[in-house]
Amino acid sequence: MKILVTGGAGFIGTHTLIELHKAGHETVVVDNLVNSQKESLKRVSELLGGVEIPFYQVDIRDREGLTKVFQEHKFDACIHFAGLKAVGESVAKPLEYYENNMSGTFVLIDVMRQNGCKNIIFSSSATVYGDPAIIPITEECPKGHCTNPYGQTKSMLEEVLTDVQKADPEWNVVLLRYFNPIGAHKSGRIGENPNGIPNNLMPYITQTAVGKRQELGVFGNDYPTHDGTGVRDYIHVVDLATAHVAALKAIAEKKGLAIYNIGTGHGYSVLDVVNAFEKANGVKVPYSIKPRRAGDIATCYCNPAKALAELGWEAQYGIEDMCRDSWNWQKNNPNGYEA
Ligand code: NAD
Ligand code: UD1
């Protein structure tokens with residue numbers, strides 16, 4: 001298939017481009033580079049043995065720019081990663097987050113339908129479950145309250161895409177609810193490149209291990225979990241990438257609306273991850289216990305059985321692989337994509 005990848009220069013996008021090409025698909029990237037650099041796409045080409053991926057530095061809110069891309073290419077489907085994703089920043093700048101994520105997606109799906117492309121895979125998040133009513137979380141688990149504007153945009157865009165599909169059954173909409181993506185390509189050439197102080201656990205661990213941060217703050221050790229620290233379903237970004245390739249099956253089979261949890265089904269606490277990281281890499285991660293972080297929940301991991309049953313997809317990598325590959329990326333690129 002020929003796939004439009006919005007946000008393709010970012011963390012998950014770059015890894016997905018590789019897996020799409022390995023599976024024989026053709027891709028075109030649209031990204032405004034607000035949270036990424038062109039260098040990431042250069043490295044993707046290198047990893048693919050020199051394959052040139054057409055790239056447009058276009059904001060998805062730019063209707064004219066996007067329409068031009070559709071005039072130059074006939075797409076079978078769109079994988080829609082483009083969006084702002086920093087939870088804390090979304091609390092400080094709600095309007096910017098709603099504007100970028102909501103308006104961007106409105107323009108994108110309108111331009112798609114005007115150009116006869118009605119197949120979309122959308123990057124959603126486990127955050128839509130709020131404090132989950134069922135553990136492990138199945139797709140039937142009711143959606144919950146999102147504590148921040150970023151999460152709200154994911155939840156609302158799920159509703160928008162569901163309504164669009166309901167109104168016009170020619171659409172095929174796949175909502176992938178990612179759990180906690182970490183890790184990096186095994187080459188160490190591409191990986192996660194957060195701006196400023198990382199919010200998420202693994203980049204904070206790797207930056208502490210490489211000496212950029214003094215110590216990791218563990219946010220709370222009084223949760224009702226096996227060691228008191230928060231439990232999450234960490235998934236290797238390469239597994240997440242192959243989930244998008246597998247999700248194209250739901251489009252090929254014209255499933256209409258389909259929702260999948262994309263996780264491993266295993267929950268690890270913050271201290272489990274610190275221990276696994278130290279063991280896998282032979283480096284120390286100094287830490288101290290801090291108060292709970294506002295908006296955090298105790299436990300979040302999924303039942304990924306539906307993705308296996310319907311898409312034939314399941315995660316291949318374990319926590320040691322994730323820790324090894326995250327570290328390999330960080331130590332080879334202490335400043336991310338900057339030279
Ligand atoms: P990322 O920031 O690395 O990638 C997103 C890309 O979108 C960036 O390259 C950015 O420049 C681009 N972008 C943002 N707004 C744009 C716009 N208006 N027009 C064009 N390009 C724009 O993030 P990621 O971790 O690769 O996440 C990809 C998607 O998955 C996002 O939608 C994110 O919300 C979602 N997601 C991520 C996680 C996670 O933990 N990383 C978890 C759940 C869902
Ligand atoms: C967070 C977001 C979620 C988003 C996801 C991926 C919140 C409340 N949730 O999820 O909306 O979809 O990132 O971007 O921000 N931790 C520490 N110290 C740190 C960082 C994290 O102890 O420096 C702990 C957290 O308390 C949590 C676990 O590590 O228990 C994972 O945190 P994180 O990586 O931020 O992911 P989530 O909170 O699951």
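Everything numeric here is computed off the predicted structure, so don't read it as measured data. Counting convention: from 1, in listed order, for ligands and their atoms alike.
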Near-ring test His244/Phe81, centroid separation under 6.0 angstrom: yes
Part of Leu216 with heavy atoms under 4.0 Å of ligand 2, whether side chain, backbone, both or neither: side chain
For ligand 2, the portion of Thr127 having any non-hydrogen atom under 4.0 Å away: side chain
Nearest non-hydrogen protein atom, atom 26 (O) of ligand 2: Asp296 OD2, 2.6 Å
ILVMFWY clustering at 4.5 Å (side-chain atoms), partners of Phe219: none
Short side-chain donor-acceptor distance under 3.5 Å, Gln165 and Glu170: no
Asn303 versus Thr138, side-chain donor and acceptor atoms under 3.5 Å: no
Structural part of Tyr234 in contact with ligand 2, heavy atom criterion under 4.0 angstrom: side chain
Contact check, side chains of Arg63 and Asp110, non-hydrogen atoms, under 4.5 Å: yes
Shortest protein contact, atom 19 (C) of ligand 2 (heavy atom only): Phe219 CE1, 3.2 Å
Non-hydrogen atom of Tyr178 closer than 4.0 Å to ligand 2: no
Ligand 2 contacted by Ser125 (non-hydrogen, < 4.0 Å): yes
Any side-chain heavy-atom pair of Ile109 and Val164 under 4.5 Å: yes
Ser40 touching ligand 1 at heavy-atom level, < 4.0 angstrom: no
Pick from Gln207, Arg293, Arg232: the one approaching atom 32 (O) of ligand 2 most closely through a non-hydrogen atom: Arg293
From Ile205, Ile297, Val270 - option closest to atom 29 (O) of ligand 2 by heavy atom: Val270
Best match, Asn200, Val274, Thr229: closest heavy atom to atom 14 (O) of ligand 2: Asn200
